[in-house]
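Take a look at the structure below.
Both counts, for ligands and for their atoms, begin at 1 and track the order of listing.
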Amino acid sequence: MTVLRDERITQKTNIMSTTMEKMTSKDYINIEDEHGAHNYHPLGVVLKKGEGVYVWDVEGKKYYDFLSAYSAVNQGHCHPKIVDAMVEQAKTLTLTSRAFYNDALGPYEKYVTEYFGFDKVLPMNTGAEAVETAIKLCRKWAYEKNNIAEDKAQIIVCENNFHGRTTTIVSFSNDPVAKKNFGPFTPGFIRIPYDDVDALAEALKKDNVAGFLVEPIQGEAGVYVPSEGYLAAAKALCKENNVLFIADEVQTGIARTGRLLASCGNCSCEDKNCSGTPEVKPDILILGKAISGGVYPVSAVLADNHVMDVIKPGQHGSTFGGNPVGCKVAIAALDVVRDEKLAENAQVLGELFRAEMQRIIDGSDLVLKVRGKGLLNAIIVNDTEESETAWNLCVALMNNGLLAKPTHGNIIRFAPPLVMTKEQLLECVAIIEKTINEFKR
Ligand SMILES: *Cc1c(COP(=O)(O)O)cnc(C)c1O
């Protein structure tokens, strides 16, 4: 009896391994469809390998990656320096928890705070966790340093924000898809229009306002770049009202927009690696995604002592936050940003990309507009938000060897890795031009 069962298991394993070898894209899509929750709607491509600006599917077809895992892979796929740092640390010590000290966290904390110009960092893993951390930090600061009555703190947020997927974060979203049937929601948020200084000034007159949480460019919403001077004006208003200016740079941060940080993007200084003049430097800075080069989940909340000091032992934490592998990966990823001058490259290639897109748009009625900063850009397709045109255009781009995805309805985000060369970018422009010209609605 036992023998028979063992044989059956062996037989089954053999069948599995032979089918695994022969699996096609379609098989992988079907297996996900059957066994995974349907919480995403991916483009029909199954990726197997990545290197720099390229990815390959299971059939061996090569593509330009024009999404970069939502700007996590700014340093390019499988950057050898980052992967080596991870592998080496993974062989030595992976996790201690924060119950004990480890020899990677302190040096990383010193490195990352000096890199971005803040007194202290609180290490977490995902972007949403870092946003949650910033909200908790802001509330605690309000009660302990700003005399706001217990449980009354309000944080101002913007229409069409995207800050992650936790219950509290979707509570202040206005995206019905992200919200519907996930209530009851967390109170304590005031929503105002984005890029509207007057609305902010008005909201700041309300009682118990503790903070203003904002994306320097709204990425998920469709790459909305605010007016020149908006962030500096918002920061000044926050300062005047003794309210914390909280920048969520999970997507815009770390060289993506042609500056180290996008919140620094509307000052005129020439230092591309500057993390903020006093006029725009956030009181709380939230980072994720590219802080690890897309190799490992790492996020961070940075603030100066007068804010961060309100957090005491036991009040907040994460088992994996500040783990040795994440620390080594983040140092390597930030080294690459600086050594390979990724902010400068994003700035230069971004100008070229938008100019080329404008040239294509001028000769086509399929696309209405290009907008963005650095290598965070989007094109607006000339059709309704409900139409399938942007999706179908992305399918056509995929067939021509370039991967991008619509953000909302008729908007397609273009965000390649920042290690791209000018020649590669021009090849991508040619693919986009060819696809737009061939495209039949
Ligand atoms: C992606 C993103 C987040 C959430 O990050 P996760 O790692 O997916 O939790 C938060 N804020 C912004 C602006 C983002 O783009």
Nearest neighbour in protein (non-hydrogen) for atom 11 (N) of ligand 1
D248 OD2, 2.7 Å
Please state which part of E249 comes within less than 4.0 Å of ligand 1, counting heavy atoms only: side chain, backbone, both or neither.
neither
Between E220 and Q251, is there a side-chain donor-acceptor contact under 3.5 Å, judged purely by atom types and distance?
yes
Please confirm whether F162 comes under 4.0 Å of ligand 1, counting heavy atoms of the residue only.
yes
If you have a sec, work out which protein heavy atom is nearest atom 1 (C) of ligand 1 and how many Å separate them, to one decimal?
K289 NZ, 1.5 Å
Distance-only polar pair, side chains of S318 and N125, donor-acceptor under 3.5 Å:
yes
What do you reckon, does E220 put a non-hydrogen atom under 4.0 Å from ligand 1?
no
Distance alone, cut at 3.5 Å: any donor-acceptor contact between the side chains of E129 and S299?
no
Top protein contact for atom 4 (C) of ligand 1, by heavy-atom distance
A128 N, 3.7 Å
Tell me which protein heavy atom sits closest to atom 6 (P) of ligand 1, plus the residue, atom name and distance to 0.1 Å.
G127 N, 3.5 Å
Relative to the heavy atoms of H163, which atoms of ligand 1 are at a distance of less than 4.0 Å?
10 (C), 11 (N)
Aromatic plane relationship, F212 with F245 - under 30° parallel, 30 to 60° tilted, over 60° perpendicular:
tilted
Right, does atom 8 (O) of ligand 1 have protein non-hydrogen atoms nearer than 4.0 Å?
no
Pairs in or reaching into residues 152-174: which pass ring-ring contact (aromatic ring centres under 6.0 Å, His included), with residues at least two apart or in two chains?
H163-F172, F172-F189
Donor-acceptor pair between E249 and T252 side chains, under 3.5 angstrom
yes
Do E88 and K91 sit within salt-bridge range, that is, some charged N less than 4.0 Å from a carboxylate O?
no
